[in-house]
Amino acid sequence: MMIEDKNFIKYLNPQGRVLDMGSLDINGNIKHCCNGYYIGLDIRKGKNVDIQASSHNLPFKSEIFDNVISIGALEHDNAFWLSIDEMRRVLRLGGKLILSIPNYKFLLHKHPKDFWRFSEDAAQVLFNRFNEVTFWKSKVDDNCLRVYGTK
């Protein structure tokens, strides 16, 4: 987790029910940047993981979260499009999907595997069923795209 990811989340100030997808704390987490009920979900057990489950089949009812956040996780997901569909499913109408994803300059980092990089065009496709898609500009160029959209 990079410092700009925490700045991004603090800027958005997520309120209400928050689902953090890929929450395993390898180098920091966003739990204390969220105001409300927080659930950390990851495929692996460990620090900051409340529920161990696949993001391809979330163990939640539809439309129950105000915010779904995924910071530095989609590049490790072998079928990220399934996860995006699930994130959208559990997000309530008017809720925010918040992503930090690596661009093509970001170095390979296997935790445990690393599959993807994203362009701004690719990020737009991820949000093709969302309203008000916004790219957040970081103060430093750390080779990540930070974007959020409203369902």
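No experiment lies behind these values; they were computed from the predicted model shown. In this chain, numbering begins with 1 at the start of the sequence shown.
The number of heavy-atom neighbours closer than 6.0 Å to CZ of F115, taken from other residues, nucleotides and ligands shown, is above 12.
The one candidate from V147, I9, V68 that meets the side chain to side chain contact (heavy atoms under 4.5 Å, CB included) condition with I98 is I9.
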Worked verdict on Y38 versus D50 for side-chain contact (heavy atoms from CB on, under 4.5 Å) | CA-CA 9 Å; Y38 172 95; D50 300 308; 4.0 Å; yes
Verdict with supporting geometry, S100 and D5, side-chain hydrogen bond (donor to acceptor under 3.5 Å, both in side chains) | CA-CA 7 Å; S100 177; D5 291 324; 2.7 Å; yes
Criterion side-chain hydrogen bond (donor to acceptor under 3.5 Å, both in side chains) on N35 and N13, from CA distance to verdict = CA-CA 7 Å; N35 297 307; N13 191 26; 2.3 Å; yes
Start with the C-alpha gap between K137 and D141, add the side-chain angles, then the distance that decides, and say whether salt bridge (Lys or Arg N to Asp or Glu O under 4.0 Å) holds.
-> CA-CA 9 Å; K137 297 300 179 192; D141 184 8; over 6 Å; no
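Rounding to the nearest 0.5 angstrom, the gap separating the CG atom in N67 from the CE atom in M87 is 13.0 Å. Separating the CG atom in L58 from the CD1 atom in I64 is a distance of 9.0 Å, to the nearest 0.5 Å. Note that CD of E86 and OG of S62 are 8.0 Å apart. Values are rounded to the nearest 0.5 Å. The CZ atom of R89 lies 7.5 Å from the CG atom of N57; values are rounded to the nearest 0.5 Å. The distance from atom OG of S70 to atom CE of M21, rounded to the nearest 0.5 Å, is 6.5 Å. F118 CZ to W116 CH2: the interatomic distance, rounded to the nearest 0.5 Å, is 8.0 Å.
Of all heavy-atom pairs spanning N103 and K105, the tightest one is OD1-N, 2.8 Å.
Looking at D121 and Q124, their side chains never bring a donor and an acceptor atom within 3.5 Å of each other.
The shortest distance between side-chain heavy atoms of F106 and L145 does not fall below 4.5 Å.
Because its NZ or CZ atom is both nearer than 6.0 Å to the ring centre of F65 and within 45° of the ring axis, R17 counts as a cation-pi partner of that residue.
With hydrogens and angles ignored, the 3.5 Å screen pairs a side-chain donor or acceptor of S23 with a backbone N or O of N48. With hydrogens and angles disregarded, a donor-acceptor distance shorter than 3.5 Å links the side chain of K151 to the backbone of L91. A donor-acceptor pair under 3.5 Å is formed between the side chain of R88 and the backbone N or O of R129.
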Side-chain donor/acceptor pairs under 3.5 Å, residues 71-79, sequence neighbours excluded:
| residue | atom | partner | partner atom | Å |
| --- | --- | --- | --- | --- |
| E75 | OE2 | H109 | NE2 | 3.0 |
| H76 | ND1 | K113 | O | 2.6 |
| H76 | NE2 | H109 | NE2 | 3.2 |
| D77 | OD1 | H56 | NE2 | 2.6 |
| D77 | OD1 | A79 | N | 2.9 |
| D77 | OD1 | F80 | N | 3.4 |
| D77 | OD2 | S55 | OG | 3.4 |
| D77 | OD2 | S83 | OG | 2.3 |

